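Everything below concerns the one structure shown next.
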Amino acid sequence: MILAANWKAYIEDLTKAKKLYATGKRLSRRANLSIILAPPTAFLGVLAASNRSAVAFSAQDVSETTGGAHTGETTAQAVAAVGATYTIVGHSERRAAGDTNAIVANKTAHALAHNVLPILCIGESTRDEDARYLSIVREQLSTVLEPLSQKERSRLIFAYEPVWAIGKTAGDAIRSADLSEMLLYIRKVLSDYLPGKNASRAVILYGGSVEPGNARDLARDTDVNGFLVGHAATDSATFVALADALS
Ligand code: PGA
């Protein structure tokens, strides 16, 4: 099981960042649990550069540009240079700030070019009765996957994060049956882009109000490969409780 912690901008204090990292290191020694930490960029360099533990680091986003006159941007190459293994791309909070599917595709390609593995976030804003949300998710996947080679496609991790479920509480998160249905749909779309068994082997995380109270059920009742957790992973005790629910 993968437990990926998206600290967003919740963590603004280096002492707290170090404490969460220490907790992550402890949890990463547990069998069957892989810990990925996605700190804000300022802390990513501080923590990832000297990391010798089983914790893997992720950026929360990367630039769609390479180096040059781009004030404020963090390039995939820079992220790779400080030792991050992954980067989130297409998080709904970045999409809300202007990232289109085409921009997310560029970011994904840049990440792969520098050997940073993309955690591609997909997910609809709302659910409608005509199931238009399915075509939204298909489009998010296809725009990114289409230009990539088979080999590149197989390096992505996917994170299904319905926007309507983000930043709430366990009671508002997706139900197991709906998540199972969505995982099936995502794998079906992936089978158009990945050969043979690769679609069924693709790593798909769920994110959106995962808390200790619902993580165990979602893990047990679906074939999800792990979770991308926001607020509940920004407190050490809750982070441990989440890991307890999964291991
Ligand atoms: P949440 O955020 O766990 O706070 O809902 C998840 C995410 O946006 O990655």
Side-chain angles (χ1 to χ4, degrees), residues 1-12 16-17 20 23-24 27 33-41 43-44 56-62 84-99 104 107-108 111 117-127 133 136-137 140-141 144 156-176 178-179 182-183 186 203-219 222 224-246:
M1 237 335 109
I2 294 175
L3 180 52
N6 176 10
W7 294 358
K8 307 193 180 190
Y10 287 121
I11 306 300
E12 300 175 278
K16 183 148 192 217
L20 278 170
T23 305
L27 297 178
L33 196 64
S34 301
I35 302 291
I36 301 175
L37 300 180
T41 313
F43 298 140
L44 179 67
F57 277 94
S58 173
Q60 294 180 6
D61 192 23
V62 282
T85 310
Y86 302 96
T87 183
I88 297 172
V89 285
H91 190 279
S92 59
E93 286 150 17
R94 299 311 320 157
R95 291 180 190 267
D99 279 14
V104 176
K107 291 182 170 186
T108 304
L117 305 179
I119 301 173
L120 171 64
C121 295
I122 50 175
E124 75 282 2
S125 302
T126 52
R127 289 224 160 178
Y133 65 92
I136 288 167
V137 168
Q140 290 172 335
L141 286 166
V144 171
L156 266 65
I157 288 183
F158 302 90
Y160 173 59
E161 297 208 312
V163 182
W164 51 265
I166 292 178
K168 300 189 175 149
T169 56
D172 302 300
I174 200 164
R175 303 277 169 256
S176 294
D178 292 333
L179 178 56
M182 225 31 224
L183 293 171
I186 291 167
V203 175
I204 309 179
L205 312 179
Y206 167 74
S209 297
V210 176
E211 294 184 342
N214 61 349
R216 191 188 306 271
D217 285 359
L218 289 170
T222 75
V224 76
N225 301 108
F227 298 97
L228 178 55
V229 184
H231 66 276
T234 59
D235 169 81
S236 276
T238 320
F239 192 25
V240 172
L242 269 169
D244 288 345
L246 299 178

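Residue indices begin at 1 and follow the sequence shown. For ligands, and for the atoms within them, numbers begin at 1 and follow the listed sequence. As the structure is a prediction and not an experimental result, all values here were calculated from the model.
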* Would a 4.5 Å heavy-atom cut-off, applied to side chains only, mark T222 and L183 as touching? -> yes
* Count the heavy atoms belonging to other residues, nucleotides or ligands that lie under 6.0 Å from CZ of R216, then report whether that count exceeds 12. => no
* Look at ligand 1 and say whether A232 reaches it with a heavy atom at a distance under 4.0 Å. => no
* Asked: Hey, what's the ring geometry for Y206 with Y160, parallel, tilted or perpendicular (30° and 60° as the breaks)?
  -> tilted
* Shortest non-hydrogen separation from N6 to T234 and the atoms involved -> O-CG2, 4.5 Å
* Asked: Going by the order shown, which atoms of ligand 1 are within less than 4.0 Å of some heavy atom of I166?
  -> 2 (O), 5 (O), 8 (O)
* Asked: Do any nitrogen or oxygen atoms of K168 come within less than 3.5 Å of a nitrogen or oxygen of ligand 1?
  -> no
* Structure fact -> Residue, atom and distance of the protein heavy atom nearest atom 9 (O) of ligand 1 read E161 OE2, 2.7 Å
* Should G167 be counted as touching ligand 1, given the test is an N or O pair under 3.5 Å? -> yes
* Nitrogen or oxygen atoms of H91 and ligand 1 under 3.5 Å apart -> yes
* **ligand 1 atoms in contact with S209 (distance to a heavy atom under 4.0 Å)** => 1 (P), 3 (O), 5 (O)
* Nitrogen or oxygen of G230 less than 3.5 angstrom from that of ligand 1 -> yes
* At a 4.0 Å threshold, what atoms of ligand 1 neighbour a non-hydrogen atom of G208? -> 5 (O)
* Identify, by atom number and element, the atoms of ligand 1 in contact range of K8, meaning under 4.0 Å from any of its heavy atoms. => 2 (O), 6 (C), 7 (C), 8 (O)
* Structure fact -> Heavy-atom closest pair (F227 atom, L205 atom, distance to 0.1 Å) is N-CD2, 4.0 Å
* Check whether any side-chain heavy atom of T85 lies under 4.5 Å from a side-chain heavy atom of S58, and answer yes or no. => no
* Check N6 against ligand 1 and report side chain, backbone, both or neither, counting heavy atoms closer than 4.0 Å. => side chain
* Asked: Considering only the protein, which heavy-atom contact is closest to atom 4 (O) of ligand 1, and what is its distance?
  -> H231 ND1, 2.6 Å
* Asked: What is the distance from atom CG of N214 to atom CG of L242, rounded to the nearest 0.5 Å?
  -> 8.5 Å
* Residue pair P40 / Q60, side-chain heavy-atom distance below 4.5 Å -> yes
